[in-house]
Protein chains: 2
Amino acid sequence: MGSKTYTISELAKEFGVTTRTIRFYEEKGLVQPLRDGQKRLYTPADRVRIKLILRGKRIGMSLQESVDLIDMYDPSRNNTQQLNSLIDKIAVRRDRLLQQKKDIDDMLAGLDEVQALCQTALGKRKKK
Amino acid sequence: MGSKTYTISELAKEFGVTTRTIRFYEEKGLVQPLRDGQKRLYTPADRVRIKLILRGKRIGMSLQESVDLIDMYDPSRNNTQQLNSLIDKIAVRRDRLLQQKKDIDDMLAGLDEVQALCQTALGKRKKK
DNA sequence: AATGACGTTGACGCAAACGTAAACTAATCA
DNA sequence: TGATTAGTTTACGTTTGCGTCAACGTCATT
């Protein structure tokens, strides 16, 4: 029953952030770990939340945006109203994500070109 | 010869940013527009730089990172040393971009799931 | 000549996302 | 038992990326 918990430094180490960062997320209400006396205890669910937040960060989302996104994943107490507006929000997000994907592909293509230039500039001496 | 130039507000409008933003980029040395007396005149090259900077922003790059990336696109005065280190940098960037792409795909998949849930939840009332 | 529209240079303000130092506790290792 | 290690709170500091005046110049109308 006592499913696994994590200490703050375990998670910090796993995700490559400082403990300060994780505490900061708590200050902002992004996670609410349990306590063993003074010490914070993180459940697997907490761990996932942090993971998702950091994933959002990697593509330039603000912490709040990540949280908003995470909240979408839980259409628990939703009336028809809310479900419809949720669908709209999803559409907006999807558009942004697709734009970002395009941006990334463009950049990758650019990098390929430059790399090719570099290699022919170097390769002339090597292979042929 | 006198190839086209743009005013600051033209570019601001085109890219959906304020003129303040573009001046800020100049303060930081990201662009160096010509002058007609006091007024800034942006060349097509300046315009492209700004465009690339904003593209970087969309996927969470800092302004400086965008500039670093743009500088890669110009392997002008490169000796073998620099070409090799450039290739290394490109590899690093590519890895990051691929990770970001994966992050985006994961999020898109998540959104698809949630949307499906929403739609079945709604559809049950509609159809029956 | 006055009214806008557009441009300029400071300079201060501000939110986000932590960094960093101080000062403390609680458990553990030697 | 003293030292080290990991945790805690409080609080001020820092960087980035602009927003927001203020105070002024320059044209083109009206």
Side-chain angles (χ1 to χ4, degrees), chain A residues 2 4-43 46-47 49-71 93 96 99-100 103, chain B residues 4-43 46-47 49-71 96 99-100 103:
Chain A
K4 169 143 211 203
T5 57
Y6 308 85
T7 71
I8 194 168
S9 44
E10 278 172 358
L11 291 186
K13 191 173 177 186
E14 173 178 1
F15 294 129
V17 300
T18 66
T19 59
R20 175 68 180 93
T21 297
I22 296 181
R23 285 194 204 96
F24 175 76
Y25 292 168
E26 185 177 352
E27 281 180 40
K28 293 286 157 174
L30 310 190
V31 281
Q32 288 144 350
L34 304 171
R35 296 285 179 139
D36 169 25
Q38 281 273 80
K39 297 189 177 180
R40 292 165 172 84
L41 284 186
Y42 295 85
T43 68
D46 291 328
R47 181 176 161 281
R49 272 185 86 83
I50 294 175
K51 195 171 187 173
L52 294 183
I53 291 168
L54 295 176
R55 187 184 68 179
K57 266 194 53 175
R58 284 199 296 274
I59 62 160
M61 293 174 58
S62 74
L63 299 183
Q64 191 52 57
E65 279 177 327
S66 282
V67 169
D68 293 348
L69 183 58
I70 293 172
D71 288 346
R93 291 281 176 164
R96 275 188 47 190
Q99 172 66 54
Q100 288 180 293
D103 287 331
Chain B
K4 170 144 208 203
T5 59
Y6 307 85
T7 71
I8 193 169
S9 44
E10 277 172 359
L11 291 185
K13 192 173 176 186
E14 174 178 358
F15 293 129
V17 300
T18 67
T19 59
R20 175 71 180 92
T21 297
I22 296 181
R23 283 195 206 96
F24 176 75
Y25 292 168
E26 186 176 350
E27 280 180 44
K28 293 287 158 175
L30 310 190
V31 280
Q32 288 144 351
L34 304 172
R35 296 288 176 138
D36 169 24
Q38 282 273 81
K39 298 188 176 178
R40 291 165 172 85
L41 282 186
Y42 295 84
T43 67
D46 292 328
R47 181 175 161 280
R49 272 186 88 84
I50 295 175
K51 194 170 188 174
L52 294 183
I53 291 167
L54 295 176
R55 186 183 69 180
K57 265 194 54 176
R58 284 198 297 275
I59 63 160
M61 294 174 57
S62 73
L63 299 184
Q64 191 52 55
E65 280 176 328
S66 282
V67 169
D68 293 347
L69 183 58
I70 292 173
D71 288 346
R96 277 188 47 188
Q99 173 64 56
Q100 288 180 294
D103 288 331

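Each chain gets a letter, A, B and so on, in the order its sequence line appears, and its residues count up from 1. Scope of the values below: all heavy atoms of this structure, side chains included, with no hydrogens, waters or symmetry mates. Predicted model, so just to flag it, every value in this text is computed and none were measured.
- Summarising the geometry, atom OG1 belonging to Thr5(A) is positioned 12.5 Å from atom CZ belonging to Arg47(A); distances are rounded to the nearest 0.5 Å.
- Looking only at side-chain heavy atoms (C-beta outward), Asp68(A) and Arg93(A) come within less than 4.5 Å of each other.
- Of the candidates dG17(D), dC18(D), dT9(C), the closest approach to any side-chain atom of Arg40(B) belongs to dT9(C).
- Using a 4.0 Å heavy-atom distance criterion, Lys57(B) is classed as a sugar-phosphate-only contact.
- Set against dC18(D), dG17(D), dT9(D), the side chain of Tyr25(B) has dC18(D) as its closest nucleotide.
- Across all strands, Thr19(B) comes closer than 4.0 Å to no nucleic acid atom at all (heavy-atom distances).
- Side-chain atoms of Thr21(A) lie closest to dC18(C) of the nucleotides dC18(C), dT9(D), dG17(D).
- Atom C1' of nucleotide dA17(C) and atom NZ of Lys28(A) are separated by 8 Å, given to the nearest angstrom.
- Proximity of Arg23(A) to Arg40(A): side-chain heavy atoms (C-beta onward) are separated by under 4.5 Å at one or more points.
- Of the inter-residue distances, the one linking Ile53(A) atom CD1 with Ile70(A) atom CD1 reads 4.5 Å to the nearest 0.5 angstrom.
- We find that CD of Glu27(B) is positioned 12 Å from P of dT8(C), with the value rounded to whole Å.
- Considering every non-hydrogen atom in both Val31(A) and Ile22(A), the closest pair reads CG2-O, 4.5 Å.
- Of all non-hydrogen atoms in Leu41(A) and Pro33(A), the two that sit nearest each other are O-CB, 3.4 Å.
- The closest donor-acceptor contact from the side chain of Arg49(A) to the backbone of Leu30(A) lies under 3.5 Å.
- Between Glu26(B) and Tyr42(B), some side-chain heavy-atom pair lies under the 4.5 Å cut-off.
- Across the protein-nucleic acid pair, Arg23(B) atom CZ and dC18(D) atom C1' stand 13 Å apart, rounded to whole Å.
- Residue Asp103(B) forms a salt bridge (Lys or Arg N to Asp or Glu O under 4.0 Å) with just one option from Arg58(A), Lys51(A), Lys57(A), and that option is Arg58(A).
- The distance from atom CD1 of Ile50(B) to atom C1' of dC18(D) is 15 Å, rounded to the nearest whole Å.
- Closest approach to the Thr7(B) side chain among dA17(C), dG7(C), dG17(D) is made by dG7(C) (side chain taken as heavy atoms from C-beta onward).
- Atom P of nucleotide dT9(C) and atom CD1 of Ile22(B) are separated by 13 Å, given to the nearest angstrom.
- Heavy-atom nearest nucleotides on DNA chain C were determined for Ser62(A) and for Gln38(A), and the one closer to the 5' end corresponds to Ser62(A).
- Here dT9(D) presents its P atom at 7 Å from CD of Glu26(A), a figure rounded to the nearest Å.
- Remark: Gln64(B) CD is packed, more than 12 non-hydrogen atoms of other residues, nucleotides or ligands lying under 6.0 Å away.
- Remark: P of dG7(C) and CG of Leu41(B) are 11 Å apart, rounded to the nearest angstrom.
- In this entry the distance linking CD of Glu65(A) with C1' of dA15(C) reads 14 Å, nearest Å.
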Report summary line: A correct 5'-to-3' footprint of nucleotides 21-29 of chain D, with B, S and - meaning base, sugar-phosphate only and no protein heavy atom under 4.0 Å, is ---------

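- Remark: Ile8(B), Ser9(B) in residues 8-15 of chain B come within less than 4.0 Å of DNA chain C through at least one heavy atom.
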